[in-house]
Q: 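My structure is below; once you've seen it, I'll send some questions.
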Amino acid sequence: GSLVLLFSINNTYAKLIIDPVCYSAVVIFLSTAAFKGLNAGKYGDISYGIYLYHFPIIQLLIFLRVFDFNIWMGFCATFLITIMLALASWHLIEKRFLKRTSHYVLAAKS
């Protein structure tokens with residue numbers, strides 16, 4: 001319902017209130033219900049890598065003017081590069097510093 005509201009309102013001042021609420025609702029839905037059965041943790045915990053690398057990648061792509069050329073290409077490049085670096089960071093650096101009994105290490109073995 002919030003997406004319908006988002007796209008149906010043209011008032012600039014109303015959008016200042018509606019935009020954050022709608023975007024938050026979408027993020028909450030995607031983080032709770034949409035991917036519940038995905039079990040993405042078996043590939044590693046890439047959340048810290050995403051947090052760490054996304055901003056420098058975005059800034060580099062802005063500097064390279066990728067977003068000026070095509071905003072969707074910039075978004076896709078940011079997404080793919082960030083995920084690849086986060087996965088590499090998890091498997092090559094982060095996982096090695098965890099205790100052997102960590103639930104991440106046990107999940108990766110199964």
Q: Indicate if F63 and V66 have the same hydrophobic cluster label, given that clusters are the connected sets of ILVMFWY residues with side-chain heavy-atom separations under 4.5 angstrom.
A: yes

Q: Can you sort out the partners of S89 under side chain to side chain donor-acceptor pair (under 3.5 Å), two or more places apart, ordered by chain and number?
A: Y53, E94

Q: Hey, what else clusters with L16 if you join Ile, Leu, Val, Met, Phe, Trp, Tyr whenever side-chain heavy atoms sit under 4.5 Å?
A: Y13

Q: Output the distance between atom CD1 (I71) and atom SG (C76), rounded to the nearest 0.5 Å.
A: 11.0 Å

Q: Treating Ile, Leu, Val, Met, Phe, Trp and Tyr as nodes and any side-chain heavy-atom pair under 4.5 angstrom as an edge, say whether W90 and I81 lie in one connected cluster.
A: no

Q: Listing request: all salt bridge (charged side-chain N to carboxylate O under 4.0 Å, His left out) pairs with a residue in residues 73-92, at least two apart in sequence or in separate chains.
A: none

Q: Taking all non-hydrogen atoms of both residues into account, name the closest pair between G49 and A86 and its distance.
A: C-CB, 3.7 Å

Q: Considering all heavy atoms of both residues, which atom of L61 and which atom of G74 are nearest to each other, and what is their separation?
A: CD1-O, 3.9 Å

Q: Not counting sequence neighbours, which residues clear side-chain contact (heavy atoms from CB on, under 4.5 Å) with L80? List them please.
A: none

Q: Linking directly or through intermediates, with side-chain heavy atoms under 4.5 Å: list the remaining ILVMFWY members grouped with F55, chain and number order.
A: none

Q: Under the side-chain contact (heavy atoms from CB on, under 4.5 Å) test, which residues partner L87, sequence neighbours left out?
A: I46, I83, H91

Q: Who passes side-chain contact (heavy atoms from CB on, under 4.5 Å) against L52, sequence neighbours left out?
A: Y48

Q: Per the salt bridge (charged side-chain N to carboxylate O under 4.0 Å, His left out) rule, what does the pair list look like for residues 74-87, sequence neighbours excluded?
A: none

Q: How many angstroms lie between atom CG of D19 and atom OG of S24, to the nearest 0.5 angstrom?
A: 10.0 Å

Q: Does one hydrophobic cluster hold both I57 and F79, with members joined at side-chain heavy-atom distances below 4.5 Å?
A: no

Q: Which side chain to side chain donor-acceptor pair (under 3.5 Å) pairs, counting each pair once, include a residue from residues 72-88, with sequence neighbours left out?
A: none

Q: Is it true that V21 and V27 fall in one hydrophobic cluster, defined by side-chain heavy atoms closer than 4.5 Å?
A: no

Q: If you look at every heavy atom in F75 and F67, which pair is closest and at what distance?
A: N-CE2, 3.6 Å

Q: Which residues satisfy the salt bridge (Lys or Arg N to Asp or Glu O under 4.0 Å) test with R65, sequence neighbours excluded?
A: D68

Q: Spell out, yes or no, whether I58 and M73 are grouped together once hydrophobic residues are joined by side-chain heavy atoms under 4.5 Å, including indirect joins.
A: yes

